[in-house]
Amino acid sequence: MPDTNMPDPSRMRFAVGQPVTRREDPMLLRGEGHYTDDLQAEGQAHAWMVRSPYAHGVINGIDTAEAKSMLGVLAVYTGADLAEYGPIRCAMPLKNRDGSPLASPVRPALATDRVRYVGDPVAIVIAETPAEARDAAEAVMLDIDPLDAVTEASAAAAPGAPQLYDDVPGNVVLDWHSGDAEKVAAAFATAAHRVKLPLRNNRIVVAAMEPRAAIAEYDAESGRYTLRACSQGVFGLRRQIAEDILRVPVEKVHVLTTQVGGSFGMKGTVYPEYPGMFHAARLLGRPVKWTDERSGSFVSDQHGRDHETVAELALDAEGRFLAVRLTSFANMGAYLTTVGPLMGTMGFVKNVQSNYATPLIEVDTKSVFTNTSPVGAYRGAGRPEGNYYMERLVEAAAAQIGMDPLELRRRNHIRPEQMPYDAASGSRYDGGEFTALMEEALRQADWDGFAARREESASRGLLRGRGLGNYLECTAPAGKEHGGVRFEEDGGVTIITGTLDYGQGHWTPFAQLLGSRLGVPFERIRLIQGDSDLLKHGGGTGGSRSMMSSGTAIIEASEKVIEKGREAASHLLEAAVADIEFDPENGRFAIAGTDRGIGILELAARMRAAPELPEDLRSLDVTHVTEDKPMAYPNGCHVAEVEVDPETGHVHLVRYLAVSDFGVEVNPLMVQGQVHGGVAQGIGQALMERVSYDEGGQILSASFMDYALPRAEDLPPILTASRPVPAKTNPVGAKGCGEAGCAGSLPAVMNALADALRAAGAEPVDMPATPEKVWMALQRASRG
């Protein structure tokens with residue numbers, strides 16, 4: 001429930017750092033939001049996708065005759081009809097260890113020669129109603145000769161495995177290596193202690209609250225295409241559609257996004273539905289709408305994670321880290337997504353170092369095609385994975401060498417006096433107080449009182465364990481970003497930016513930031529973020545970059561507003577520009593040393609109606625694009641406690657604390673919400689979520705009847721605290737918080753479970769730690 005003592009946002013200005021409730025929420029809670037499926041275009045037809053029921057097979061023919069003759073059907077298109085459109089491409093310029101580019105087979109909008117996973121789209125039906133389109137899709141007859149399928153990356157790379165592409169030997173799309181192999185080998189050879197862990201990062205269904213949906217339109221007179229779709233950024237999506245798919249100038253494409261019900265990376269790219277919809281809209285001369293169903297989402301949305309990794313750590317006699325090495329198979333699914341290879345390559349390298357002074361890092365990853373749904377970015381995109389591997393290694397190393405795991409961490413933490421620190425990952429950490437933050441987490445979690453809690457659990461026949469998860473993330477670089485400030489005739493002020501809120505809430509913190517710079521009342525500020533026509537640049541939202549990129553753009557645009565306002569005020573107040581001062585507290589320009597001045601909103605109105613002003617001072621509006629800014633490094637420490645029922649294997653989280661360094665928190669209340677959401681997703685992956693396939697490639701977890709998401713009853717109260725060190729890489733001082741909950745929760749929960757199992761003599765288990773898996777580990781231990 002919202003804090004009833006919170007100030008009313010309609011009557012106050014809110015400074016940076018105040019916990020302001022989201023302005024977006026009342027509208028959404030009243031059901032007044034506008035998601036893509038809420039939109040209707042005049043005269044729209046409806047699309048339905050025909051998908052392969054086979055994981056692998058050769059297409060001999062697709063019979064659409066019966067479907068075309070059915071009531072309400074306007075058209076049925078197959079891959080041959082869409083040959084004029086470009087393929088969906090991978091955007092990662094990664095190279096193999098020998099310097100050759102990664103394999104990038106063409107992915108057409110609709111499969112033409114072979115299907116490669118269950119759900120692979122092979123045809124699109126257009127009809128007057130969704131029901132008519134669906135009925136006709138069921139009448140499309142597929143003549144497919146099934147082939148053997150493979151779903152695990154390591155199995156797909158093994159000799160004799162079914163081959164998905166004739167020109168991708170061994171199904172290995174990328175054989176990637178980073179680090180000095182000789183130096184790492186030498187470090188391991190001379191190390192006093194060596195730890196080796198096989199770890200599985202389980203495949204995840206993104207399960208966004210809102211399924212994917214889109215409306216495609218074509219204007220014959222202008223030759224312009226419009227797409228209304230749930231996305232993570234309209235500017236980048238427009239470029240992908242124009243350059244890669246439609247092969248037209250970018251100005252011929254208009255992309256719009258309204259409210260979005262979650263994405264976590266999944267809705268950030270082009271999907272196969274779009275080319276067929278554009279084709280139909282152009283030929284039929286009417287808009288075409290498509291909305292996925294949840295059953296379709298399970299197979300057609302990009303999945304997340306899915307890595308098989310052997311993690312190794314070398315330590316000297318005093319327990320200092322010498323080198324870390326990851327050897328992985330990364331499952332790409334049947335096709336490369338836009339950033340599919342990122343997570344198991346640079347995502348691992350940049351984040352496995354965490355907050356430790358590890359001098360050498362080696363990552364060796366084979367990215368492999370399998371007969372499964374394609375894999376893309378999922379909350380963290382390599383950050384949670386890298387931190388998870390390191391924290392599991394730290395716990396295993398402490399147990400192996402007989403050292404307190406807290407002392408092992410303290411001994412290897414990068415110290416404040418070492419900042420800025422040039423990490424072996426190639427990153428330059430600008431600041432952080434990692435040991436002090438961990439000590440604060442231990443204090444708030446009552447680490448020293450655990451023994452009594454363990455005894456109390458034992459009295460009820462339960463095993464209790466505690467776990468700690470340090471983490472440090474390398475966020476996406478802030479990059480260039482659009483920052484527009486527009487003064488409206490009704491006295492409002494509009495922010496225009498290229499990042500996009502797909503559930504996080506941008507309006508409120510952006511308004512806080514602008515208000516603190518220009519003194520504009522909070523209730524007067526609006527936000528536009530989902531219209532590609534209004535942007536000169538836009539990096540979209542992803543990698544926890546929004547406040548760093550849009551925040552920087554808002555600050556820099558505000559400075560330009562003030563500079564422009566001083567010039568205009570000097571004319572209207574008849575004073576030298578050097579004598580005009582601006583008071584951001586009250587939003588007022590004034591002549592220094594006098595009481596003569598003018599408010600910023602009044603000035604904006606006067607500028608519009610002052611012909612005596614120079615032409616460039618007839619508006620206070622500013623359009624600005626920032627220069628590139630480096631990434632930032634949010635970090636923190638999570639502490640979890642679990643109880644395990646040895647009779648059933650059920651794991652129950654009973655305590656949870658997250659202490660974070662996100663730099664400057666523009667809105668701490670919203671930051672807390674972001675942490676809660678990320679922790680919940682991490683708990684889901686750690687304990688219950690898993691995409692499962694059978695030997696033939698059929699997905700076994702294709703609905704919420706078979707795929708477990710965490711519910712409220714699965715989560716303990718999640719306590720949060722902040723111990724910030726402002727970032728030096730951007731003028732906001734922010735470090736990003738959107739993905740940190742996952743990065744800290746995976747190791748904290750799994751280390752807590754390992755601690756509970758260790759007390760019973762059982763070996764740790766891999767994610768997801770389902771009751772069956774935990775029970776079997778305990779049974780093995782009981783049998784000696």
Side-chain angles (χ1 to χ4, degrees), residues 92-94 176-180 183-184 311 313 321-326 339 341-365 377 380-391 393-394 409 412-435 437 469-479 539 542-545 547-549 552 627-637 660-663 724-730 732-740 742-744 747:
M92 303 304 301
L94 297 173
W176 193 84
H177 180 268
S178 175
D180 190 320
K183 288 184 179 180
V184 170
L313 180 65
F321 301 164
L322 301 175
V324 62
R325 181 165 57 197
L326 301 180
V339 297
L342 169 66
M343 285 68 77
T345 53
M346 293 306 301
F348 283 4
V349 170
K350 288 291 186 182
N351 295 279
V352 70
Q353 173 130 20
S354 189
N355 49 28
Y356 302 112
T358 307
L360 294 169
I361 296 174
E362 183 182 6
V363 173
D364 193 329
T365 298
R383 301 174 184 90
E385 295 94 319
N387 282 280
Y388 174 69
Y389 298 143
M390 179 58 91
E391 286 299 287
L393 281 171
V394 171
R409 289 180 170 92
N412 287 282
H413 274 157
I414 300 164
R415 301 184 303 279
E417 61 269 22
Q418 293 177 282
M419 299 294 181
Y421 182 82
D422 292 317
S425 63
S427 295
R428 186 177 178 84
Y429 300 169
D430 61 304
E433 299 174 355
F434 309 133
T435 302
L437 188 149
N470 277 338
Y471 73 90
L472 180 142
E473 292 189 291
C474 300
T475 66
S544 298
R545 65 183 291 276
M547 184 51 70
M548 295 179 290
S549 53
T552 296
E627 294 301 317
D628 289 339
K629 293 288 189 295
M631 60 182 60
Y633 304 96
N635 60 89
C637 180
S660 308
D661 170 13
F662 297 136
V725 177
K728 300 180 179 68
T729 56
N730 63 84
V732 184
K735 293 183 176 179
C737 66
E739 294 152 316
C742 279

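What you see is a predicted model; the values in this text were computed from it and never measured. Just so it is clear, the values below take in all heavy atoms, side chains as well, and ignore hydrogens, waters and symmetry mates.
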Look at the rings of Y356 and H413 and say which category their plane angle falls in: under 30° parallel, 30 to 60° tilted, over 60° perpendicular.
-> parallel
Between the main-chain N or O of V184 and the side-chain N or O of E362, is there a donor-acceptor pair closer than 3.5 Å?
-> no
Please report the closest heavy-atom contact between F662 and A740, naming both atoms and the distance.
-> CE2-CB, 3.5 Å
Minimal non-hydrogen separation, A377 against V339, with atom names = CB-CG2, 3.9 Å
dist M548:CE -> M631:CE (nearest 0.5 Å) comes out at 9.0 Å
Distance col, row F348:CZ vs L326:CG, nearest 0.5 angstrom, shows 6.5 Å
Single hit among D661, N730, D430 for side chain to side chain donor-acceptor pair (under 3.5 Å) with K735 | D661
List the atom of A311, the atom of L393, and the distance in Å for their closest heavy-atom pair.
-> O-CD2, 3.4 Å
Roughly how far, to the nearest 0.5 Å, is the CG atom of D180 from the CD1 atom of I361?
-> 12.5 Å
Counting N and O atoms only, with roles assigned by atom type, does the side chain of E739 sit under 3.5 Å from a partner on the main chain of S544, one being a donor and the other an acceptor?
-> yes
Among N387, N470, N635, whose side chain to side chain donor-acceptor pair (under 3.5 Å) with S354 holds?
-> N387
Pairwise side-chain contact, P634 with T475, heavy-atom cut-off 4.5 Å (strictly under) | yes
Give the intermediate values and the outcome of side-chain contact (heavy atoms from CB on, under 4.5 Å) for residues Y429 and N355.
-> CA-CA 9 Å; Y429 300 169; N355 49 28; 5.7 Å; no
Would you sort out whether M346 and W176 count as a side-chain contact (heavy atoms from CB on, under 4.5 Å), showing the intermediate values?
-> CA-CA 10 Å; M346 293 306 301; W176 193 84; 3.5 Å; yes
Using the side-chain contact (heavy atoms from CB on, under 4.5 Å) rule, take M92 and T345 through it: C-alpha gap first, then chi angles, then the decisive distance, then the call.
-> CA-CA 11 Å; M92 303 304 301; T345 53; over 6 Å; no
Any side-chain heavy-atom pair from V394 and F321 closer than 4.5 angstrom?
-> yes
What's the spacing between F434 CZ and Q418 CD if we round to 0.5 Å?
-> 9.5 Å
Exercise: identify the closest heavy-atom pair between R545 and G539 | NH1-C, 3.4 Å
Value rounded to 0.5 Å, distance of NZ in K350 from OH in Y633 = 6.0 Å
Beyond-backbone contact of E385 with M343, side-chain heavy atoms, under 4.5 angstrom = yes
For the pair S427 (side chain) and A423 (backbone), establish whether a donor and an acceptor sit closer than 3.5 Å, ignoring hydrogens and angles.
-> no
In terms of heavy-atom contacts, I414 and A357 come closest through CG1-N, 3.6 Å
Any sub-3.5 Å donor-acceptor pair from Q353's side-chain atoms to A424's backbone N or O?
-> yes
Atom pair OH/CD of Y471 and E391 - distance to nearest 0.5 Å | 11.5 Å
A632 to A734 - nearest heavy-atom pair and separation | CB-O, 4.1 Å
Taking the side chain from R383 and the backbone from C474, do they hold a donor-acceptor pair closer than 3.5 Å?
-> yes
